[in-house]
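First comes the structure, then the notes that go with it.
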Amino acid sequence: MPEGTLVERVRAALDRYEASTWDLRVDDLWCTATPIGVELPKQGWKIHVSSATDGAAEVLDRVCDVLVPRRAAFKCAAGTEFLRMLNSREAERSSSAKFITVYPHDDMDFVDLVDALDAATRGLSGPGVMSDRACRPGSIVHYRYGGFTERARLGNDGAYRPVLTAPDGSQVVDSREAWFTPPPWAPDPLADRHARQQGASGPGGVLIADRFAVTAAIRHSTKGGVFVGTDTRDGGEVVVKQARAHVEIDHSGRDAREALRHESALLERLAHTGLTPRHVALVEQDGTLFLAQERVPGVSLRAWVLRHAGSDDGDGSGTPDVPWPLARNVAAELVRVVAGMHREGLVVRDLAPTNVMVAPSGELRLVDLELAADIGSFAGAAGTPGYRAPEQRAASRSKHARGVHPVAPEADLYSLGALFFLLATGADPGLPDDVPEPDHVFRPTAERLGPWLDLAARSGRTARLLAPAVRGLLRDEPESRWSLDQVRAHLDAVERRGGPVPAPGRVRDIARPHPWRAAPSAAEPVGPALVDRLLADGLAHLVATAAPDRADTVWQVTPGGAAMDPCGVQYGAAGVLAVLARAAATPTLAAPDGLADTVAAAAAWVRERAAREPVLLPGLHFGRAGTAWALREAGESLGDKELLAHADELALSVPTRWPNPDVCHGAAGAGFTQLRFWNATHDDRFRQRVVASADGLLAAAREHGDLMLWQVPRDFDSALAGAAHLGYAHGVAGVGAFLLAAGRATGRGAYLDAALAAGRTLARTVRTDNGAAWWAQGPADPPGVRLAHWCSGASGVGTFLIRLWHCTGDPYLRDLAEQAAVAVRRARWHSGTTACHGLAGNGEFLLDIADLVEPGADDLYRAQAEECAELLGARSARISGRLIPCDESTVGVSASYGTGLAGVVGFLLRLRHGGPRLWVDPVDAASPASADEPLPPGDDHPTDDAVDDTAPRPMSGTTEGGHAA
């Protein structure tokens, strides 16, 4: 069906009934038709009509014949490709299958429209709408209560949420769950009818097909859930897979039920091989298909790699890979399994770490075979990103229509190479696609992953031994990939010789003296040259991609940021603006053309957009504290007094007391901004607000045994309600860091007391391992939880502890901070790239230590920060000639500070040109007050001394479990 056909059908329907009386709007996704002069209610019972993609034209025609004469407002997917996405297994459960949305005038109109639409579409097919209730069993007409015209509201966590207005005038979240969830004050107009239908069909049972007792869910998805349970006939444990009708699983349009029937047949066909679980039963219940199969003991290959990858190599640096004695057995098993499938005439087509089970014996079994196909057949593009071969991707340059391609064993060879990469690096082989300039070509996959593999091979034996096979298998051209015989020969040779060997067969491009390396097509920079390249390219990319003429955002954000405050630090324009302003104010930097103009334009956009937001949140990363800080950075960089005055007024309007005490969302973040402005302006109003924030945090502190914690109230409207975290973003470390800074700035000993109590709490909750210090998200987390990042874990906790040591001189605090640095370095191989939970934020902490320790000791930590930069370079794409690190998705490039490029650029700028840490240090960290320098007195405590009768004392030691000794 041509892309414009759906819109043309709507136009034709309107033309039949005086199109001039309708307002028709079409964008990239939706076609919306609203009768002119008709005012829609803000909320009510809305109707969704689904459709199988291939039947969309007929469904739309019949629906228009009902809606247009009745002058009922509606919208529909503007094209079949968007509808295909809504019907696909990748669709969000809350929005899947919603082809047409209808907005009735009132409840009476709703009932009339439901009946008319159901009658008009009877006999047509479409998937179920998971958030809705079907008007009758088997109907494609569904309904739910929700907002029509009410604008989304900024919630306390910094995300825009659809809201409903309750009868008492209060606003509640318009909950779009994957099940029918009307608000309690909105009775279902069709409830009696639904009850009669349920009675006619009989009450639901606890068993599937009166046989399989489901006990837990492994996962839920648009195509159907996966559950564990028991076969009541023999007591055996089973896994039950569900397939919903008309949910498409690949680009051929094949639906989930057809795929599950196919998988059922394959399990029976492969029963004699032992490669797959035992088939138990295929049953249908209420139009949904279920496949029960033997529950395979063990864990997925992904979970197995996460458990075993990374070990201490003796010097504390850590290795990236799975130790070779373990990895070699899995590598050989993978070859055996793939060879067994090919002997049966099948290609797995989705050979990914979640679809391979590792049994306690070490034997591998394949699960989730719905994409497997016969050699020589044709199948739709599908597979797991990073593991699917180029010829299986929908966007591949294939001569076959709609992403359908011939099935060949070489696709599994590529996936095998990707799994070997996982064993070698402990990470998925995912990078953003290059965007070459017109006179350039796409780099081959093996070349793009080469720098990453080379770095892993420096430290990891498995990486060195598997690298030739990885390069031989991850070739974009199917005919040039290593065969299974070549892989076996390589593994056999490694076993015989105990080290890297030349590539077997016809593939002999491994260079010496590093036999795991392939000769690169062009030399990449290393060391300081690499940092300079990444910094220059990152700044140029941020300048080139700024679009301050857009209404919704200045820069592209990561997928998770689409609904977030566009003026915040974490995802929005403020975070990028602050980094660019710092760069523009750095005299030693060769700034890209247009940098100052971009700062000015982005600052104007942030200022104007923030003024239109009625909700004023206090947080530093998800609130107006960060927005004000960014505008001050821009004003200082530009020398714009009017912008500085506006930033001051915005900072003065930020709430200083808030139910959430943390840095990201709450009072500690607001306090940091007041400190930043007090330091810059010497305006006593900001000092008073620092005191207000700190006093509020003292009042919010609670003792839990020997721990001091700051808990978010349980009744606060937030996803963090009830949480009492340890880390910097949301817990003790961040609150302690602000109280420490406030104590030093105001001279109030009570603030330093509380900072010391925070330090003791972190000392008592540390989890040590061979010289490394880790922390969990919260003190009650299981012992195995060990986190390393800024938001939660060693990097953020160390950020506070190294400053507390610098203030108090307590050697135990420095020891803990340096052990946190060991954890951060050891985790570098398996960290993302970003500031929030990746290499950029971890590198900032390493620079903190380098800035604060004595000369000579700083070289070690600066070198470790440069290691982080080197890994950032290895995880980059070439975008229009620039080397750009990936964002938190690993396969995209976006600008967001916490989750994208801006945080990386901020780290690289500080690594290369120095300066205080953004969002942390209100003053230059390069020359702080010495540990024995008296803290400046506050006006209201002229003789108060921060060390007074609560002088810093050595922290008690900790046991291996992290409790006070």
Side-chain angles (χ1 to χ4, degrees), residues 6 9-10 12-14 16-18 21-22 31-35 38-52 55-77 83 86 96-149 164 176 179-183 185-202 244-246 286-287:
L6 298 180
R9 289 179 179 275
V10 174
L14 298 181
R16 293 195 295 271
Y17 295 93
E18 300 185 47
T21 65
W22 286 79
C31 170
T32 304
T34 309
V38 173
E39 184 175 354
L40 295 177
K42 289 185 177 181
Q43 60 195 43
W45 289 98
K46 61 173 65 174
I47 303 168
H48 291 113
V49 183
S50 67
S51 173
E58 184 175 2
V59 170
L60 182 59
D61 287 347
R62 294 195 192 184
V63 168
C64 285
D65 286 344
V66 172
L67 300 179
V68 176
R70 287 173 169 80
R71 294 181 62 76
F74 67 97
K75 72 175 182 180
C76 69
L83 176 58
L86 292 174
S96 67
K98 294 178 179 178
F99 172 35
I100 303 170
T101 304
V102 184
Y103 305 97
H105 300 298
D106 51 35
D107 285 4
M108 185 178 298
D109 187 36
F110 161 74
V111 174
D112 177 58
L113 285 172
V114 164
D115 289 341
L117 290 169
D118 182 43
T121 59
R122 191 175 289 265
L124 301 183
S125 60
V129 178
M130 299 178 68
S131 64
D132 291 24
R133 172 176 282 174
C135 72
R136 64 170 174 81
S139 178
I140 63 172
V141 179
H142 310 75
Y143 63 96
R144 68 179 292 268
Y145 193 91
F148 288 12
T149 60
L164 300 171
R176 298 176 181 179
W179 52 85
F180 186 66
T181 53
W185 38 262
D188 180 356
L190 302 178
D192 290 343
R193 182 187 304 179
H194 177 73
R196 289 194 301 271
Q197 292 168 350
Q198 289 294 98
S201 60
R244 296 188 176 95
H246 307 295
D286 298 330

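One is the number of the first residue; the rest follow in order along the sequence. On a predicted model such as this, the values are computed, not experimentally measured, just so you know.
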Looking at [X] and [Y], would you say the former's side chain and the latter's main chain have a donor-acceptor pair under 3.5 Å?
X	Y	answer
R62	A120	yes
K46	G147	yes
S50	P127	yes

**Request:** Verify side-chain contact (heavy atoms from CB on, under 4.5 Å) between R16 and D65, making sure each step is shown before the conclusion.
**Result:** CA-CA 10 Å; R16 293 195 295 271; D65 286 344; 3.2 Å; yes
Using every non-hydrogen atom in the two residues, find where [X] and [Y] come nearest and quote the distance to one decimal.
X	Y	answer
G128	H142	CA-NE2, 3.7 Å
F180	D132	CD1-C, 3.9 Å
V68	A13	CG1-O, 3.8 Å
R193	C135	CD-O, 4.3 Å
S125	I140	C-CG2, 3.7 Å
L113	I47	CB-CD1, 3.7 Å

**Note: R70-D109 ion pair, threshold 4.0 Å (strictly below)** =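 Salt bridge: no.
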**Message:** Just to verify, which of V66, L60, V63 counts as forming a side-chain contact (heavy atoms from CB on, under 4.5 Å) with V49?
**Reply:**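 Option passing the side-chain contact (heavy atoms from CB on, under 4.5 Å) with V49: V63.
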**Item:** Inter-residue atom distance Y145.OH - L164.CG, 0.5 Å rounding
**Value:**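 Here the rounded value is 6.5 Å.
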**Message:** Using 0.5 Å steps for rounding, measure from the CD atom of Q43 to the CZ atom of F148.
**Reply:**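 The CZ atom of F148 is 9.0 Å from CD of Q43, to the nearest 0.5 Å.
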**Request:** Side-chain contact test, heavy atoms from C-beta onward, threshold under 4.5 Å: evaluate it for D188 versus Y143 and give yes or no.
**Result:**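 A side-chain contact exists here, since the closest heavy-atom pair is under 4.5 Å.
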**Message:** Just so I know, are the side chains of C76 and V10 near enough to count as touching, which here means a heavy-atom distance under 4.5 Å?
**Reply:**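 Yes, their side chains come closer than 4.5 Å.
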